[in-house]
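Sharing a structure below in structure tokens format, with a few things to ask.
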2 protein chains.
Amino acid sequence: MLLDALRAAGSTSRAELARTTGLSKPTVSTALAGLERAGLVRRTGEVSKGQGRGRAAVLYAADPAAGYVIGVDVGREWLRAAAADLDGTVVGRRDTPNTARTAGAMVRDAARLARAVAAEAGLDWSQVVHTVVGSPGVTDPGTHRVRYAVNLPGWGRSGLFDRLHAELGTGLDVLNDANLAALGEYALGAGQGSRLFAYLWVGTGLGAGVVADGRLFRGGHGAAGEIGYLPMFPLPQAAGPGPATGAPAPVGFSARGGPMEDAVSADAVVALARSMGMPEATTRTAKDVFAAARAGDATALGAVECEAARLAHAVAALAAVLDPELVVLGGGVGRNGDLLLAPLRTCLRELTPLRPRVVTSALGDDAVLLGAVARAAEAARERVFDTRHDA
Amino acid sequence: MLLDALRAAGSTSRAELARTTGLSKPTVSTALAGLERAGLVRRTGEVSKGQGRGRAAVLYAADPAAGYVIGVDVGREWLRAAAADLDGTVVGRRDTPNTARTAGAMVRDAARLARAVAAEAGLDWSQVVHTVVGSPGVTDPGTHRVRYAVNLPGWGRSGLFDRLHAELGTGLDVLNDANLAALGEYALGAGQGSRLFAYLWVGTGLGAGVVADGRLFRGGHGAAGEIGYLPMFPLPQAAGPGPATGAPAPVGFSARGGPMEDAVSADAVVALARSMGMPEATTRTAKDVFAAARAGDATALGAVECEAARLAHAVAALAAVLDPELVVLGGGVGRNGDLLLAPLRTCLRELTPLRPRVVTSALGDDAVLLGAVARAAEAARERVFDTRHDA
DNA sequence: TCCTTTTGTTAAGGATCCTAACTTGGTCCC
DNA sequence: GGGACCAAGTTAGGATCCTTAACAAAAGGA
């Protein structure tokens with residue numbers, strides 16, 4: 001509790017701590033002495049009280065160097081790793097292309113990258129207390145099994161957690177990447193201070209992470225926020241004589257249904273743009289579409305607006321079920337807030353009275369990695385406190 | 001804490017309590033003496049130990065009569081009220097038709113009914129510690145304002161909470177009815193013991209309540225679970241040349257979109273059945289449709305199956321965003337599990353890999369009322385403990 | 001009748017945190 | 001520059017809470 005107060009307030013004198021925590025001065029003094037002996041707290045200097053007239057205060061602060069953590073982002077194309085101290089301050093960072101073709105190789109590469117990052121930052125591996133790995137797929141909190149990781153071959157195999165754990169030898173959590181990105185935005189980005197918000201990742205796939213009261217909302221099987229699986233309508237209709245309908249029948253795959261991921265992810269943006277008449281040759285990726293739209297291409301702008309309207313449906317679904325205060329848009333597609341946000345908000349107004357604030361990610365590609373680091377730091381703080389306090 | 005242990009275990013001796021709570025025998029004795037003096041705990045007898053050979057144990061139990069609560073269900077057609085003790089055991093119950101046409105009259109009627117139920121149960125009003133009122137609409141935890149209560153004229157007016165509070169003079173919460181139904185199912189019905197489940201209310205409208213770890217999940221503005229507002233697809237499509245599609249265009253209102261409530265609530269069932277050819281004269285309510293289906297009417301069965309398929313979409317949306325372990329179906333339409341569950345489950349298998357268990361409500365029409373009572377009892381237990389413990 | 005077993009009470013001790021008074025080290029002002 | 005003043009930190013003593021250990025009381029069985 002004292003540590004939490006110290007971390008929140010930074011360098012603080014013991015008298016000040018006594019005031020903010022409600023404890024008495026003697027209690028704070030003895031407890032802090034214990035924490036200092038355990039290496040969790042450090043004198044940070046002695047400040048001659050900028051204003052006051054009394055005796056100079058000795059300042060203490062939680063020592064972020066009491067332990068270090070590693071965050072790893074296992075993406076389809078990149079492996080990213082960062083080392084950070086207990087405050088979550090990044091002290092080392094390294095990305096490599098993900099060339100591994102098997103899950104085993106990926107585990108090895110990830111572990112090697114983690115150790116390399118720690119070494120580069122001048123850390124001995126024994127100082128690393130906890131590691132958090134983010135990857136696509138659903139990780140069941142109970143079984144440690146990764147499921148639905150369609151993009152990573154073999155990554156869903158069981159025993160993977162144990163292998164990673166053995167390679168690293170630190171505390172370990174494996175979590176869904178969208179969930180970690182949400183934590184990252186909560187800790188450092190657009191979601192700071194929000195009581196309930198959702199991070200909507202739109203890129204090569206679609207996913208969401210939900211943070212409620214600062215904690216990840218994971219669902220009954222760890223699959224909360226897997227809105228890529230949200231089935232698209234139309235609803236089943238009666239066969240036989242129906243009521244006359246003047247509305248034009250919609251065309252395209254959405255009329256047939258399918259998971260929402262297929263309708264809004266990067267590939268869908270490309271397909272959409274091409275179907276509206278953009279040339280196949282110069283329209284290879286979603287990035288091309290957004291670039292063309294920014295250059296003023298009317299067709300591309302139309303495709304972007306259509307994508308925005310589809311995303312509005314995703315946001316509306318989140319709003320109807322969760323009622324978040326805020327939705328943060330991220331991922332390769334979602335980051336294009338300059339083009340997407342305005343039409344998305346307009347469309348949302350027509351869809352539902354429940355309209356959360358919608359903004360774009362503040363962390364971009366680093367959201368997952370920083371979320372992993374933030375979560376690892378949190379876990380490490382508890383763990384370091386527990387172990388050091390016994391001794 | 002001792003009280004919680006007592007309530008969980010029922011009548012218990014002090015020695016037994018010391019064992020289960022981890023406290024020492026003297027501590028339990030003195031604490032229990034204090035609770036007894038405060039009137040929160042009572043000797044329930046002395047059992048000569050059915051089996052053991054030792055001294056007879058004096059049994060204690062939490063006194064449920066230390067306070068009473070009222071639960072009220074303000075529905076469009078009925079006002080229901082129940083009085084219960086701190087255990088949530090109902091000691092009085094009364095329903096009246098809701099004839100009030102203005103919010104003011106409804107407040108008056110509800111308060112009168114509450115007092116009548118208490119009197120009938122032989123309670124003095126001063127014994128009533130807390131009241132919980134369930135009604136349609138979203139109640140913002142911050143402002144106490146009820147919003148979106150489309151079915152109750154004037155109920156959304158501000159100041160309503162304060163008027164009700166003044167009329168009753170007890171602790172008061174006003175909560176969404178679907179949320180309370182979820183709490184009811186958690187406390188007494190199909191959701192018992194579930195870590196995360198959703199109650200899906202399908203009747204004259206559509207709503208859901210979410211209970212996570214025994215606590216209501218209310219969302220950022222108290223609107224979590226308002227899936228009646230879930231917009232229906234189809235997704236917006238590109239104008240211009242689209243990819244060829246062989247799928248037949250769906251017909252009916254769902255092709256035009258709209259909130260999900262319009263597609264699955266009782267009125268929609270009637271419209272659906274009629275559109276499939278059921279006679280208007282004998283198809284007045286959803287109940288008629290289900291009755292006909294049970295009698296073997298093929299058209300009605302078709303309509304029911306179609307409704308089940310639509311509900312499967314609602315369940316799939318819940319699953320994709322929340323990932324509940326369990327979905328409990330309730331309300332005038334939802335209660336027909338014998339007809340709905342099988343096709344719903346079949347359809348769900350085609351829609352999504354995330355398939356929660358789906359069952360029907362165990363409490364039926366009483367879910368909201370019992371949920372209100374359960375929540376009121378919980379609030380009252382804390383309140384009674386706090387106030388009596390000071391004195 | 002006495003022994004065993006379990007309940008509940010009494011007595012003593014320790015952990016934790018508090019209040020109150022005091023010491024220390026500093027700024028401010030004459 | 002020396003004392004007044006002020007806030008930081010320490011020391012001493014005490015209250016509260018809970019624990020362990022031993023004991024007294026009550027019941028069943030030999």
Side-chain angles (χ1 to χ4, degrees), chain A residues 1-63 385-391, chain B residues 1-6 8-63 382 385-391:
Chain A
M1 163 182 159
L2 267 178
L3 275 174
D4 288 343
L6 267 183
R7 280 191 237 276
S11 274
T12 319
S13 74
R14 280 168 287 185
E16 181 64 25
L17 271 177
R19 252 168 280 141
T20 56
T21 61
L23 295 171
S24 66
K25 289 197 286 178
T27 307
V28 172
S29 280
T30 53
L32 221 55
L35 291 173
E36 191 174 18
R37 239 181 301 114
L40 296 169
V41 145
R42 239 183 13 185
R43 279 195 40 179
T44 54
E46 171 168 341
V47 161
S48 51
K49 297 283 310 196
Q51 206 66 349
R53 285 198 293 256
R55 170 177 171 180
V58 178
L59 299 181
Y60 286 82
D63 187 355
F385 177 79
D386 287 347
T387 57
R388 297 248 194 139
H389 209 65
D390 295 341
Chain B
M1 163 182 159
L2 268 178
L3 275 175
D4 288 344
L6 266 184
S11 275
T12 320
S13 74
R14 281 168 286 186
E16 181 63 27
L17 270 177
R19 252 167 280 141
T20 57
T21 60
L23 294 171
S24 66
K25 288 195 286 177
T27 307
V28 171
S29 280
T30 54
L32 222 53
L35 291 174
E36 191 175 16
R37 237 180 305 112
L40 296 168
V41 146
R42 238 182 14 186
R43 279 194 41 178
T44 55
E46 171 167 341
V47 162
S48 51
K49 296 283 308 190
Q51 206 66 350
R53 286 198 294 255
R55 169 175 171 179
V58 178
L59 299 181
Y60 287 82
D63 188 355
E382 275 192 38
F385 178 79
D386 288 348
T387 56
R388 296 248 194 140
H389 209 64
D390 296 343

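So that the names make sense, note that chain A is the first sequence line, chain B the second, and so on, each numbered from 1.
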Practice task
Starting at atom CD of B/E16, determine the distance to atom P of C/dG8, rounded to an integer number of angstrom.
Solution key: 10 Å
Practice task
For A/T30, answer base if it contacts any base atom (sugar-phosphate contacts may also be present), sugar-phosphate if it contacts only those atoms, and nothing otherwise; contact means non-hydrogen atoms under 4.0 Å.
Solution key: nothing
Handout entry: Backbone N/O of B/A61 and side chain of B/R42: donor-acceptor pair under 3.5 Å
Key = no
Fill in the blank from the handout: From CZ of A/R14 across to C1' of D/dT11 the rounded distance in Å is 14 Å
Exercise for the section: Specify the separation, in whole Å, of atom CG of A/L17 and atom C1' of D/dT10. Expected result: 17 Å
Exercise for the section: Using modelled atom types only, decide if a donor and an acceptor are shared between the side chain of B/T27 and the backbone of B/L23 within a distance under 3.5 Å. Expected result: no
Between the protein and nucleotides 19-25 of chain C, are there any N/O to N/O pairs under 3.5 Å, and if so, what are the atom names and distances?
unit_1, atom_1, unit_2, atom_2, d
C/dT24, O2, A/R55, NH1, 3.0
C/dG25, N2, A/R55, N, 2.9

Practice task
Check each of B/T44, B/L32, B/L35 against B/Y60 using the side-chain contact (heavy atoms from CB on, under 4.5 Å) test, and report the only one that passes.
Solution key: B/L32
Problem - Protein-nucleotide distance (A/R43, atom CZ; D/dA8, atom P), rounded to Å - result: 16 Å
Completion exercise
Taking D/dT19, C/dT7, C/dG8 as options, the one with an atom nearest any side-chain atom of B/R19 is C/dT7
Exercise for the section: Would you confirm whether B/R388, through its side chain, and B/A38, through its main-chain N or O, come within 3.5 Å as a donor-acceptor pair? Expected result: yes
Problem - Separation of D/dG9 P from A/E36 CD (nearest whole Å) - result: 12 Å
Handout entry: Value rounded to 0.5 Å, distance of OG1 in B/T20 from CG in B/L6
Key = 8.5 Å
Handout entry: Smallest separation among heavy atoms of A/A18 and A/V28, with atom names
Key = CA-CG2, 3.8 Å
